[in-house]
2 protein chains.
Amino acid sequence: MAKTELKLGMAAKKPRKSRKDRIIEVAEKLFAQRGFNGVSLREITREAGVDVALVKYYFDNKEGLFDALLQRRADILNRERGEALDRVLARNNPAPVEDIIDAFTHPLLNEVVGEDSTWRDYFGLLAQVNNNPEWGGQVMSKYFDPLVRRFIYALKDALPEADMVDIYWCYHFLSGALTLTFADTRRIDSLSGGLCHSADFESVHKRMVPFIAAGFRSICAERAAERAATPSTETSS
Amino acid sequence: MAKTELKLGMAAKKPRKSRKDRIIEVAEKLFAQRGFNGVSLREITREAGVDVALVKYYFDNKEGLFDALLQRRADILNRERGEALDRVLARNNPAPVEDIIDAFTHPLLNEVVGEDSTWRDYFGLLAQVNNNPEWGGQVMSKYFDPLVRRFIYALKDALPEADMVDIYWCYHFLSGALTLTFADTRRIDSLSGGLCHSADFESVHKRMVPFIAAGFRSICAERAAERAATPSTETSS
DNA sequence: GCGATTTTTCAACGATGGTTGAATTCATGA
DNA sequence: TCATGAATTCAACCATCGTTGAAAAATCGC
């Protein structure tokens, strides 16, 4: 009723979001809060102010909506991460580990600062997907593997003495720490008795990058020492 | 029908699991696979071979079943972690960071090796809980905070130059890496092209402990250097 | 203005969800 | 043997779920 009466206001600055976008945005928020099975299409469409049948029209079904929603920001994130890595490698190649890690994590920080909290919902959703034992691995691979491989190779170049197995596992630790941190579960708030705040993303990111980088270096130094002790066996790729 | 005909076999070794236990075990497996809202009580009780109404009788409702299931292994885990920390501190106090981390993570490794795979289900569930933006922080705090605080203080003693804020955030990174790793999402298998295997928990744990320990040390060294540069401002607890 | 296409609404289908009161069976001790 | 309480079953309540075919409305090209 009262939603198209002024399609173009005098300033024409707000193009009145399409129903498709409204569905995606509400679904993103609710999926992040309660998971895929914790939200009904009716709740999503009710809050978005649209008919349920529109989900079928635009996304085929509930899974299609979920996929579209994941893909949308994954594309943005992949582009920003890729560009950040390009800049880092253009400056130094091989680049310092810290710079590579930062290229991977800083885009998340950029998205999440500011008053637009919709990215926080997405990261909360991503943390759940990443940690889902049933289809988490598949889904994350589908959206992020090509780009992650670029980072893996950059890290391997930065740490030539490392085994690829080391790099993969260290990336896994990074992935776990990163997704949990940006999931904003507020666990740390109560654990620390108010000393730390989940929402203080700059503060935690400032610590995360050197933390992860030191972990990478440590494992690779260990491997190098191992190799120096028994220089006969070579297992690098 | 055919489930109580031999209450005590000749060897009397298998006391025929109670219906209550059967419900818990099946629920644990299914919740781990598909999350709290992805499984119905009817599916759980059907697979357990019991009546749906028993859930109300034993656990009041679905949430009660979920709580009971989380509490059961949390108690075991808390005890084993506590004892491991006791042993470490009895040997050295303050203890090396590596030993404290290991006391926190090794119990998970012990549970998960061997043919009894039920602990893997629990850890998969725990990863989802830990990363749930809505109630993950609360639930994890409820079951694990008292013990985690013991570890936090041990870490603070091991790293006297650190701020408590540093310790809390570094623990957060540990928590994210640990839960994702033991969630066994098989992401790393496809990412690494078969070079790494999620189920090879000994291999990954061997890397995780020094990785995390190096992260802790790095952050604290950074803080110490900061303090040395500007020795006037003191913010330690 | 009009036909064609896209977009939106409506109403309903069949299935399944968590929960529950009451009836029934079982175990135990007197 | 029987009464008591615990354990289990049965049947149903009411609400909601995802999905869908077909009609209605809005939009666009001409």
Greater than 12 external heavy atoms within 6.0 Å of B/Glu83's CD
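Atom CD in B/Glu83 is packed in, count exceeds 12.
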
Would you mind reading off the distance between [X] atom [atom1] and [N] atom [atom2], rounded to a whole angstrom?
{"X": "A/Lys62", "N": "D/dC17", "atom1": "NZ", "atom2": "C1'", "result": "8 Å"}
{"X": "A/Ile44", "N": "D/dG18", "atom1": "CD1", "atom2": "P", "result": "8 Å"}
{"X": "B/Phe59", "N": "C/dT20", "atom1": "CZ", "atom2": "P", "result": "16 Å"}
{"X": "B/Asn37", "N": "C/dG18", "atom1": "CG", "atom2": "P", "result": "9 Å"}
{"X": "B/Leu41", "N": "D/dA12", "atom1": "CG", "atom2": "C1'", "result": "16 Å"}
{"X": "A/Tyr57", "N": "D/dT27", "atom1": "OH", "atom2": "P", "result": "13 Å"}
{"X": "B/Glu43", "N": "C/dA15", "atom1": "CD", "atom2": "C1'", "result": "14 Å"}
{"X": "B/Asn61", "N": "C/dG17", "atom1": "CG", "atom2": "P", "result": "16 Å"}

[N], OP1 or OP2 - any side-chain N/O from [X] closer than 4.0 Å?
{"X": "A/Tyr58", "N": "C/dT7", "result": "no"}
{"X": "A/Ser40", "N": "D/dC17", "result": "yes"}
{"X": "B/Lys56", "N": "C/dT19", "result": "no"}
{"X": "A/Arg19", "N": "C/dT7", "result": "no"}

Nucleotide of [options] approaching [X] most closely (side-chain heavy atoms):
{"X": "A/Asp51", "options": "C/dT19, D/dT9, C/dC10", "value": "C/dC10"}
{"X": "A/Ala53", "options": "D/dA7, C/dG18, D/dT20", "value": "D/dT20"}
{"X": "A/Arg42", "options": "C/dT20, C/dT8, D/dG18", "value": "D/dG18"}

Check whether NZ of the Lys or CZ of the Arg A/Arg19 lies under 6.0 Å from the centre of the six-membered ring of A/Tyr58 and within 45 degrees of that ring's axis.
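No, cation not above the ring by the 6.0 Å, 45° rule.
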
Of B/Glu63 and A/Leu54, whose nearest nucleotide on DNA chain C comes first from the 5' end?
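Whichever sits nearer the 5' end wins; that is A/Leu54.
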
On DNA chain D, check which nucleotide each of B/Lys20 and A/Phe36 is closest to and give me the residue with the more 5' one.
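Closer to the 5' end of DNA chain D: B/Lys20.
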
Please say which of B/Tyr143, B/Phe36, B/Phe59 ends up in a ring-ring contact (aromatic ring centres under 6.0 Å, His included) with B/Phe66.
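One option only clears the test, and that one is B/Phe36.
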
Should the ring pair A/Phe182 and A/Phe201 be called parallel, tilted or perpendicular, given that the plane angle runs from 0 to 90° and is split at 30 and 60?
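Because their plane-to-plane angle is under 30°, the rings of A/Phe182 and A/Phe201 count as parallel.
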
Sugar-phosphate, base or nothing in reach of A/Val55, heavy atoms under 4.0 Å:
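Since no nucleic acid heavy atom lies under 4.0 Å of A/Val55, the category is nothing.
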
Any chance you could lay out the side chain to side chain donor-acceptor pair (under 3.5 Å) test for A/Asn131 and B/Asn131, step after step, and finish with the verdict?
CA-CA 7 Å; A/Asn131 285 270; B/Asn131 285 272; 3.2 Å; yes

